[in-house]
Every structure is written in C-alpha cells, then in structure tokens.
Amino acid sequence: MWHILNPIKPLSINKIRQGGRGALVGFVIGVVLLVLWVGGLFAQTRLRLNDAYYAPSPTTGQVMIVAIDNASLSAYGRSPSEWSRDRFTDFLNIASEAGARTVGFDLLFSETTPDDEQFINAIIDARQSEARTRVIMPMVGLTVGADDYTQSVEYADVLMPHSGFGSVVENRGFVNVYPDADSTIRRQISSVQYATADGIFTGHSFAIALYLAYLRIPTPAIPQVVTAEDGALNITPERQIRVDVNGLWMPNYFGSPATDEQSAFVVVSFLDVLEGRVDPAIFADKAVLVGVMNSTGITDVYAVPTSTGGTRMSGVEIHAHAFESLLQNISFREQSSTSQLLMILGLAIFTSMVYSQLRWWAMLIIGAVMMVAMSVAIITYFDMYLVMVNLFYALLAGSLPIGANLMLDIVTETTRRQLTEAQLSAEKQVSALRLQVIAEKDQQNATLNELSMLKTRMIRMASHDLKNPLGIVLTYGSLIVEDVQADSTVMSQDHARFVESMVKSGHDMLYIIEEILNLEQLRSGNIKKDTLAFGFLVKEVVERNLMSAEEKKQTLTLVNPPDLPLVQGDYRQLFQAITNLVGNAVKYTPDNGIITVKLLQRDDMVRFEVQDNGYGISEEGQKNLFQEFYRVRSAKTAHIQGTGLGLSLVKAVIEAHGGTIWMTSTEGVGSTFFVELPLFEGTLEDE
Ligand code: ADP
C-alpha cells in the first residue's frame, strides 16, 4: 500500500527535473505577482487583510472627548464656528479650573468674531492657572506642495487659527488625514514643511502637537525634541513613529468608532458640561479634546480599519486614537519594499518547488497547511514586532503555484498517456506484422520441406528407376560398340560415332546417378569403419592426378610426414572425397599452375591441405560452395564442366567421418581447402 499512499511522486530520476520545472513555474508566478504589486492591483484587498492585524487595546483613560453632539448643535446652532466664542471661553474656564492638562479644539477658529477678546484672555488665563492648561488649535493644509505625494507632504497654503489666537496659542497641529486606496483612513501627517509670508516652518499632526503640549514641552524646544530620521520621526527619545515614503504616519492604534452607547474614550456632551450636568473634576490632569461627534449630518467622519457595519469615526476621535498611540507607544512598521519583493518571489519559487514533488492531494493538503501556518506566523510576527507584513501577496505566492503545478501535472499526464497509447498501438502493429512474417516464413519452410521431400523422392527415383534402365541402355550400347569394333561394316561410320557418343554420355549420366546415390547413402549414416593409412590414400590420389596435372603443365607436389597417421573410415568414400579436392585444384587452376598437397598432424587430428594458385572463388561463391549442384559462375571457369555435386559429397564424407572441412580463397590468387579427420586412437592389433 505504501506506494499508493506515498504522497511524493515515485519517479526519483525525474525529481530534479520536476524541481527545476517547479522553480520556473514559481518564478513566472512571482514575476506576475510583482507586476500586480507594483501596479497597485488588489491594493484594497491587501490593505483589508492587513487590517486583520489591528488589535484594539484598552485606552489609558488619559484622553477625554467633549462631544459637540446633536444636543449641543440644537442648543447653540448647527455651525460651531459661528457660535459665540463665549461658549468656548466658558468651557475653557471650567476645564482649566478643574485642572485639565491640555484642551485641544478640533474646530477651526479662522474667522474673527466680537467675542474673541474674552476667549484669548481665557487661553492666557488657562496657561497661567495652577494646572498650566495648554490650548491646542488646528491648522489645515490647503495646497499640497509641488513635490506632490512623492516624497513628503508639503503645504504651500495653510489655513490657521486667526492671528489673534495665533499669538496666544503656542501649539498648533495639522488635522488633515489621508485615505488609502479603499477610502479608509490609516494615515495622517507626521511632520510637514509649510510656507507663510514669514518663511518656511515645520508643523506636526494635531495628535503630535497635543502630545508635546501634554508633555509640557516648551514651544522653542520642539525642534530639539522632534527629529526626523529616514523613515521615522523621533518624538522624545522614547517615542519613534514610523513614517511612509510620503512622510505620512500610520496611526498605530484604532479602537472601534464610537457609537451613541459606547466609545473607547470617556465622552461627555459639550452642552452637558456648560449646563453643569458634568462634574468638572473628570477633566483633572487629562488631555481634553473638543470636537463634533455623535451628531447627525456632520461631514468630518471617516472609515477606519476597525469600522464595521458602516460606522465611521469622527475626526476628533481619530486624533484621540492617534494621541493614544503615542501615549501607549504603539508604533507599527510596514514591511519594506525590498522585503516584499523577496518574499513574493522567494515564496512563489519555494512553494512551487515543493508542490512539484507532490501528488495532487498532498499538494492541496500541504498547501492549505502551509498557508494557514504562514498566516499564523505573519500575525504572530506582527504581534511581536508590530510589522505589517504583506499577507495578501504572501498568500497568493503560496497558493497560486498549487493551481499552476496541478495544471502542469494534468497536461504532462495527458500527454504521457497519449504517447503511451500511441506507442502501444504502434507496438501492436509491429507485433501483428511480425506474426504475419512468421506465418509467411512457416509457409515458406513448409514449401521448402515439400520441395526437399520432392527432391529426395526424385533422387530415389533416379537411383532405382533410372539406374537399371540406363544400365540396360549402356549394356546394349556397349555391345554395339564392341560389334562395330569387330566388324566396321555393321553400320555406317557416322552411326558408329553416334552410338559411341551415346554410350559415353550414358556413362556420364551413370556417374551423376552414382554420386547422388553416394550422397544419399552417406546421409543415411551407412559408412564402413576400416583402419586406414590416410597418408597412402592421399599419395595414391595425388599420383592418379599427376597425369592430368602434367597435361596442363602444372606442378603437383605432395608434402607428406614420414610417420603416416592412421584414421578410421570408408576407404572408397575418403578416396573419392580427396580425389574431388585434388581434382578440383587441377581443374580450377590454369596451365602452369602450382598445386601443393600437404599432410600434417595436429594433436589428435590429421590435417589435409590442398593449395592452388588458380582462379580462386568469389566471396559470394564461398558462401554456397558446399551446397548440392552449386557452381560458381565466372567468365574464366565457365568452360570447365562439372555437376556442382563434388564439394557437397566431400563435405558429407568428411562430416560422416567426424571431421571438418573449410577453405580460404581469393579470386585470381588461388584457393586452399582444409580437411581435418580424427586420428585412429587404438592399435592395429586391436583391429
Ligand atoms: P564441380 O563439379 O562444378 O567441380 P564441385 O562441387 O566440385 O563441383 O565444386 C563446386 C564449385 O566450386 C565449382 O564449380 C568451382 O567453381 C568451385 N571450385 C571448387 N574447387 C575449386 C578450386 N580449387 N579453385 C577454384 N574453384 C573451385
């Protein structure tokens, strides 16, 4: 079962290749993701996934919101900036008398009104009161500098509290917030350069201004206390806030937006405070923020990361949260671009390489486990180091390779199957063809067997049916020849010559028939086993051929060892075989040729060699030489008569005697025929 359940693909030779393929797939996916990432596609999804990390934490209780709510608006008018400034004078007096540390107004006092004098005096009084209450007023950047959002926010035009307040309010802060691609507020000003008629100044966000006032840092000391660093703003040595490339600060703490029933902060109604329904003691030592909140129809409300069900957060509450982030010293960092780039590419390649080694179901299981583990790791990492890692692209880089590898597997498998099927059908065709060839061969063999049987029958017929009638023809023919020799008048001279020639041809026929019969007899294994002096036999054959050699002026010599070895066999047949070999040498060697016959002993064999420097035999001829009726066809030997039976007879005789025959020959140079016969192993007495 192991091989069935094994989640890793079994073809180990292919593993490296698969890994390489996986890496390539991962690389392609990584590059595509990077293009999307650079193009800001899916930015909303990415931002929302990161919002999952925002963990609202309990507030310190140091911040209080005084809400200009529906009740306050209906009591004093729909537009607080048009209210009599006495309302704020009264409020400031109550708060500073109660010991408020700071009072921040998230209301723009840019217009002068007849009651400003008292309010200005109240601000001065508050500053000189026992609690030394500081007042913070907002300013708004109107025009973004030429640099746009590329490096840092820079204001060319700023709306400030009007100059009367400007001279007494030391702490001013920007209330601008910046929506992300999903219209959600995560960022606001950290610090910004702004120009006025008096020169270029640096300003900070409202929350930072509030915080500096809360710490009672004197205005002239602020440039020393707040220092900018690459990607960070240091506010006092203990506080460092991370800023993005545009100089915007991501407020680090967002509780849920307040509802009528509850808020992360203590919220009281402005009207209630003025009408004495709130105990002023709650302001003691607090950072108090005044702004429009919990009222219908206001525009200063925004979606924030923790907004649910369409609940938005008012501007004053956003500043309260940003201030709270500074109090609690919660500072997030965003993952750097380089790290995002490496993570997307690296993850895509790595996971794809892993998946490429797995079967589809293991791919899905391991992929899911890896994705969950990665999400947990990223969220844990955020909890520990407050770094917002790009979870969205990490998830894509980890999961897209599953689909890609699955698809590739399906394609590869389909192609492989198609190939195998094609191969199988090709093999089937080949084996069908083979079967056909075998059947045809069988047929051929059967035909050959039939032919061979036919041949044997013909040979028998020749032996039994032709030999006797031929014998009769020859006997009578010879008688006629004898009669003619005795009396030449018996028939005309011409007729006498015809008969003579008929008798001669009849003898030739008889010779062929006898050779055929001889072969048949040899093949039936009927040979005599006499002990023979092979040397004498050969000598006898050579001597008998001397005449015909001399006729062709050939030199025929015999090299014979003194101790002539004995062999066992049929004298008549061996004599015939050796005669054929020596006879062939004489026949197939032109005039003046040299023929050498050698006898020598090789271990337990006697070797006979007959070498000539005659016509030689072509390679093609050598292959078929020992077949019955085979004659080598060449122009030079065409005139020589023969039957093609001689060598097959020689081979049959030698093999019937347990010997071997072979030859070497070069056309135009000559031939050598070799015969080896086993020596007689007994002694003559045994015979
Ligand atoms: P044949 O009756 O034709 O001589 P053999 O069986 O004796 O028949 O020889 C077969 C053929 O082998 C011959 O036709 C001849 O061409 C070739 N041959 C045999 N011996 C020799 C030789 N010594 N030199 C060249 N050719 C030879």
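Scope of the values below: all heavy atoms of this structure, side chains included, with no hydrogens, waters or symmetry mates. Each ligand, and each atom within it, is numbered from 1 in the order the structure gives. In this text, all values refer to a predicted model and were calculated from it rather than measured experimentally.
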- Examine the proximity of ligand 1 to Ile617 and report which part, side chain or backbone, both or neither, has a heavy atom under 4.0 Å away.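 It is the side chain that gets close, since no backbone atom is under 4.0 Å.
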
- Quick one: look at Asp612 and ligand 1, take heavy-atom pairs under 4.0 Å, and tell me if it's side chain, backbone, both or neither. side chain

- ligand 1 N/O within reach of Gly644 N/O, cut-off under 3.5 Å: yes

- Item | Lys587, any N or O under 3.5 Å of ligand 1 N or O | yes

Basic-acidic side-chain contact under 4.0 Å: [X], [Y]:
X      : Y      : value
Glu413 : Arg416 : yes
Lys623 : Glu619 : no
Arg21  : Asp409 : yes

Does [X] have a heavy atom less than 4.0 Å from any atom of ligand 1?
X      : answer
Leu625 : yes
Ser671 : yes
Phe626 : no
Gln641 : no

Take atom [atom1] of [X] as the centre, draw a 6.0 Å sphere, and report whether it contains more than 12 heavy atoms from other residues, nucleotides or ligands.
X      : atom1 : answer
Phe350 : CZ    : no
His495 : NE2   : no
Lys552 : NZ    : yes

Protein residue, atom and distance nearest to [atom], heavy-atom basis:
atom                    : answer
atom 2 (O) of ligand 1  : Thr643 N, 2.9 Å
atom 10 (C) of ligand 1 : Tyr630 O, 3.5 Å
atom 16 (O) of ligand 1 : Val632 CB, 3.4 Å
atom 19 (C) of ligand 1 : Asn584 ND2, 3.4 Å
atom 6 (O) of ligand 1  : Leu647 N, 2.7 Å
atom 25 (C) of ligand 1 : Tyr588 CB, 3.3 Å
atom 3 (O) of ligand 1  : Arg631 NE, 2.5 Å

- Message: Looking at Ser648, is its backbone amide N or carbonyl O close enough to the side chain of Gln627 to form a donor-acceptor pair, meaning the two atoms are under 3.5 Å apart?
- Response: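 No: the side chain of Gln627 does not pair with the backbone of Ser648.
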
- For the pair His639 and Tyr615, name the ring-plane relationship: parallel under 30°, tilted 30 to 60°, perpendicular over 60°. perpendicular

- Looking at Leu34, Ile349, Leu24, Leu400, which one forms a side-chain contact (heavy atoms from CB on, under 4.5 Å) with Ile29? Leu400

- Can you list the atoms of ligand 1 that are under 4.0 Å from a heavy atom of Ala585?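 Near Ala585, meaning under 4.0 Å from one of its heavy atoms, ligand 1 has 23 (N).
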
- Query: Does the pair Ser352 and Asn405 meet the rule for a side chain to side chain donor-acceptor pair (under 3.5 Å), with working shown?
  - Reply: CA-CA 7 Å; Ser352 182; Asn405 278 287; 3.0 Å; yes

